A.B. asks: 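To start, I am sharing the structure in question, which I have written as structure tokens.
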Amino acid sequence: MNGRALDVAVSRNQLSDMDEMTLAVVGIDFPNEDKARSNRRFELLASAAGDPVTLRPEPRNRHDPNAVAVFSARGVQVGYLSAERAPLVGARMRRGEEVQAILQGIRGSVAYIRVRFGGGAPTLPQLAEPLPERTEDDFFPDPEGPDWGA
């Protein structure tokens, strides 16, 4: 077994042993193919951390038969699980494992969800560092002032 195959086997064993994990949701900037061409990012921004999301395997997906789509609480698609994790999560779902998922947040072009297998609700992890407090106007001038075009 080569190193890459060993890494994949170890990754599969680790993921299948985990009951709760954070997963990336990709494709949030692509429009949906529904009649309204609903906006995935807008739907995510209209949702809050902790809102439920639904995972739906798409075995007939023309790009990836392992694809797992992610839908908001309002039934709007917000993206797909990453191609690295979708086959493993989909396999657990096909085995009949109970799964619940919630929105964790958005950072850049990726959303994150928290997933729990085997029953019970997923929990949001604690932030490693607190978010900075907002000031009244959120204005942060340069300490030296503008040196360009003034």
Side-chain angles (χ1 to χ4, degrees), residues 1-140:
M1 189 180 283
N2 66 26
R4 175 77 176 128
L6 182 60
D7 290 344
V8 170
V10 169
S11 176
R12 285 185 177 155
N13 287 337
Q14 289 173 343
L15 188 59
S16 66
D17 291 339
M18 297 177 71
D19 288 334
E20 190 165 318
M21 65 195 87
T22 297
L23 298 171
V25 178
V26 297
I28 68 172
D29 290 317
F30 288 95
N32 286 321
E33 295 180 6
D34 56 4
K35 287 183 181 181
R37 304 276 298 163
S38 54
N39 185 301
R40 295 173 180 180
R41 182 176 287 273
F42 181 82
E43 181 64 20
L44 285 164
L45 292 171
S47 302
D51 282 356
V53 296
T54 304
L55 305 179
R56 296 183 197 163
E58 291 186 349
R60 292 190 177 105
N61 184 300
R62 64 184 170 172
H63 301 290
D64 182 2
N66 293 311
V68 177
V70 181
F71 289 81
S72 72
R74 288 172 287 282
V76 176
Q77 184 177 0
V78 295
Y80 287 93
L81 293 185
S82 68
E84 293 81 19
R85 296 294 181 226
L88 304 171
V89 172
R92 291 185 76 173
M93 293 175 74
R94 283 189 302 279
R95 284 196 310 252
E97 290 188 53
E98 182 182 345
V99 62
Q100 289 189 32
I102 58 175
L103 178 65
Q104 187 169 328
I106 305 172
R107 186 171 187 106
S109 63
V110 179
Y112 296 92
I113 60 172
R114 191 76 176 164
V115 176
R116 181 165 184 81
F117 287 96
T123 56
L124 290 174
Q126 295 291 326
L127 291 174
E129 57 188 57
L131 295 173
E133 283 194 36
R134 291 179 56 134
T135 61
E136 273 188 42
D137 60 4
D138 285 338
F139 175 69
F140 302 99

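As the structure is a computational prediction, the values presented were derived from the model and not from experiment.
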A.B. asks: Can you name the residues that form a side-chain contact (heavy atoms from CB on, under 4.5 Å) with Ala111, not counting sequence neighbours?
C.D. replies: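 Testing Ala111 for side-chain contact (heavy atoms from CB on, under 4.5 Å), a comparison that skips the adjacent residues, returns Val25, Ile28, Leu44, Ile106.
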A.B. asks: Roughly how far apart are Leu23 CG and Arg114 CZ, rounded to 0.5 Å?
C.D. replies: 9.0 Å
A.B. asks: Taking all heavy atoms of Ala69 and all of Phe71, pick out the closest pair and write down the distance.
C.D. replies: CB-CE1, 3.5 Å
A.B. asks: Could you list the residues that satisfy side-chain hydrogen bond (donor to acceptor under 3.5 Å, both in side chains) with Asp29, not counting sequence neighbours?
C.D. replies: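 By the side-chain hydrogen bond (donor to acceptor under 3.5 Å, both in side chains) rule, Asp29 matches Arg41.
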A.B. asks: Identify the two heavy atoms, one from Leu55 and one from Pro57, that lie closest to each other, and give their separation to 0.1 Å.
C.D. replies: O-CD, 4.0 Å
A.B. asks: List the atom of Ala24, the atom of Val110, and the distance in Å for their closest heavy-atom pair.
C.D. replies: CB-CG1, 3.7 Å
A.B. asks: Measure the OG-CD1 distance between Ser47 and Ile102 for me, rounded to the nearest 0.5 Å.
C.D. replies: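 Answer rounded to 0.5 Å: 12.0 Å.
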A.B. asks: According to salt bridge (charged side-chain N to carboxylate O under 4.0 Å, His left out), who are the partners of Arg56, at least two apart in sequence or on a separate chain?
C.D. replies: none
A.B. asks: Can you sort out the partners of Asn32 under side-chain contact (heavy atoms from CB on, under 4.5 Å), two or more places apart, ordered by chain and number?
C.D. replies: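 Once residues adjacent in sequence are excluded, the partners of Asn32 under the side-chain contact (heavy atoms from CB on, under 4.5 Å) criterion are Asp34, Ser38, Arg40, Val76, Gln77.
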A.B. asks: Mind checking salt bridge (charged side-chain N to carboxylate O under 4.0 Å, His left out) for Arg62 and listing every partner two or more places apart, or none if nothing turns up?
C.D. replies: Glu33
A.B. asks: Kindly compute the distance separating CG (Leu88) from CE (Met93), expressed to the nearest 0.5 Å.
C.D. replies: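 So the gap between those two atoms works out to 13.0 Å.
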A.B. asks: Using the test side-chain hydrogen bond (donor to acceptor under 3.5 Å, both in side chains), find all partners of Glu43 that sit at least two apart in sequence or belong to another chain.
C.D. replies: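 In terms of side-chain hydrogen bond (donor to acceptor under 3.5 Å, both in side chains), with neighbours along the sequence ignored, Glu43 is linked to Ser72, Arg74.
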A.B. asks: To the nearest 0.5 Å, what is the distance between CZ (Arg85) and OG1 (Thr22)?
C.D. replies: 11.5 Å
A.B. asks: Rounded to the nearest 0.5 Å, how far apart are CG of Leu103 and OH of Tyr112?
C.D. replies: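 Result: 12.0 Å between the selected atoms.
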A.B. asks: Please list all pairs passing the salt bridge (charged side-chain N to carboxylate O under 4.0 Å, His left out) test where one or both residues lie in residues 103-112, with sequence neighbours left out.
C.D. replies: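 Residue pairs passing salt bridge (charged side-chain N to carboxylate O under 4.0 Å, His left out), neighbours aside: none found.
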A.B. asks: Kindly write out the residues that satisfy salt bridge (charged side-chain N to carboxylate O under 4.0 Å, His left out) with Asp64, not counting sequence neighbours, or none if the list is empty.
C.D. replies: none
A.B. asks: Please set out all donor-acceptor pairs under 3.5 angstrom arising from side-chain atoms of residues 115-123, sequence neighbours excluded.
C.D. replies:
residue	atom	partner	partner atom	Å
Arg116	NE	Gly119	O	3.1
Arg116	NH1	Glu20	OE1	2.8
Thr123	OG1	Glu20	OE2	2.7

